[in-house]
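As structure tokens, the structure follows; a few thoughts come after it.
For this chain, numbers begin at 1 and follow the sequence in order. Predicted, not measured: the structure shown is a model, and the values here were computed from it.
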Amino acid sequence: MSSTTPTTIKTSTLLIASLGTLASGLLAYAVYFDYRRRHDVAFRRALKRESRKQAKEARSEAETSKKQERQEIRSMVDEANEEGFPTDADEKEGYFMQEVGQGEVLCQQAGMAKEAALCFFKALRVYPQPKELMKIYDKTVPKPILDILAEMVAYDRVTSTTVESGSDAGSSAGVE
């Protein structure tokens with residue numbers, strides 16, 4: 001009489017065999033892909049086309065996000081202009097200190113660059129010598145926030161005229 005003993009395979013052996021099969025399959029695909037890439041002209045062209053297409057989509061997406069960011073910055077400047085700025089010297093001084101302080105706090109927080117730049121922009125609008133304040137900002141404000149601030153100043157006709165000429169904000173407010 002023959003005895004039948006069940007053959008059992010250890011789980012670890014089965015796992016090692018599965019991983020070995022998977023690794024050899026991936027290696028075989030890599031060799032096949034490399035062979036096609038080197039020898040098949042049509043395949044190489046298709047890869048280049050796909051690469052160009054992805055690069056074009058990335059550029060388009062970056063351009064779209066840049067336009068959206070510019071529009072957001074312009075709307076922030078327009079809102080600040082609609083709110084208005086103080087006209088009394090004491091009010092201007094308090095407003096300036098408040099906005100600069102708030103801008104410094106926002107500089108330290110991640111993701112608040114536009115809001116910080118807006119605070120510095122508002123302070124710039126009420127400062128009597130905006131050209132000198134821009135020099136101070138250039139030395140103290142982080143570059144990303146300074147870039148946003150420069151875009152705000154370039155968009156705002158009153159401030160950009162004031163910073164370029166170095167005159168008072170109040171005296172150039174009516175000049176266009």
Please tabulate, for side-chain N and O atoms in residues 97-104, each donor-acceptor pair with protein atoms closer than 3.5 Å (sequence neighbours left out).
none

Taking the inter-plane angle between the rings of Phe43 and Phe33 on a 0 to 90° scale, is it parallel (under 30°), tilted (30 to 60°) or perpendicular (over 60°)?
-> perpendicular
Output for pair (Met76 CE, Lys114 NZ), nearest 0.5 Å, gives 7.5 Å
Glu91, CD: over 12 other non-hydrogen atoms inside 6.0 angstrom = yes
Roughly how far, to the nearest 0.5 Å, is CD of Glu82 from OG of Ser75?
-> 10.0 Å
Closest approach of Cys107 to Ile145 (non-hydrogen atoms, all atoms of both residues) = SG-CD1, 3.3 Å
Are the side chains of Leu124 and Met152 in touch, meaning some heavy atoms are under 4.5 Å apart?
-> no
Got Lys122 and Glu83 here, is their nearest side-chain heavy-atom distance under 4.5 Å?
-> yes
Nearest atoms (heavy-atom pairs only) where Thr87 meets Lys92 | O-CE, 3.7 Å
Output, in order, the C-alpha distance, side-chain angles, deciding distance and verdict of side chain to side chain contact (heavy atoms under 4.5 Å, CB included) for Asn81 and Arg125.
-> CA-CA 10 Å; Asn81 287 335; Arg125 283 293 304 265; 2.5 Å; yes
Distance (rounded to the nearest 0.5 Å) between Tyr127 OH and Ile136 CD1 | 5.0 Å
Answer whether the closest heavy-atom distance between the side chains of Lys48 and Arg52 falls below 4.5 Å.
-> yes
Got a second to check how far Leu19's CG is from Leu14's CG, nearest 0.5 Å?
-> 9.5 Å
Treating Ile, Leu, Val, Met, Phe, Trp and Tyr as nodes and any side-chain heavy-atom pair under 4.5 angstrom as an edge, say whether Ile148 and Met112 lie in one connected cluster.
-> no
Here the salt bridge (Lys or Arg N to Asp or Glu O under 4.0 Å) pairs for residues 57-69, sequence neighbours left out, are Glu63-Lys67
Just wondering, more than 12 heavy atoms not from Gln68 lying within 6.0 Å of its CD?
-> no
Judged by atom type as modelled, is there a donor-acceptor pair below 3.5 Å linking the side chain of Thr64 to the main-chain atoms of Ser60?
-> yes
Treating Ile, Leu, Val, Met, Phe, Trp and Tyr as nodes and any side-chain heavy-atom pair under 4.5 angstrom as an edge, say whether Leu149 and Leu106 lie in one connected cluster.
-> no
Before giving the answer on salt bridge (charged side-chain N to carboxylate O under 4.0 Å, His left out), spell out for Asp34 and Arg37 the whole-Å C-alpha distance, their side-chain angles and the decisive distance to 0.1 Å.
-> CA-CA 5 Å; Asp34 187 52; Arg37 183 182 59 83; 2.5 Å; yes
Ser51 (side chain) donor-acceptor with Leu47 (main chain) under 3.5 angstrom = no
Non-neighbouring partners of Asp147 that pass salt bridge (Lys or Arg N to Asp or Glu O under 4.0 Å), sequence neighbours left out | Lys143
What are the two closest heavy atoms between Phe121 and Ala80, and how far apart are they?
-> CE2-CB, 4.4 Å
Within the distance-only criterion (no hydrogens, no angle test), does the side chain of Tyr137 pair as donor or acceptor with the backbone N or O of Phe120 below 3.5 angstrom?
-> yes
Which distance, rounded to the nearest 0.5 Å, do you find between the OG1 of Thr21 and the CD1 of Ile16?
-> 11.5 Å
Does Glu151 reach the side chain of Val77, with side-chain heavy atoms less than 4.5 Å apart?
-> no
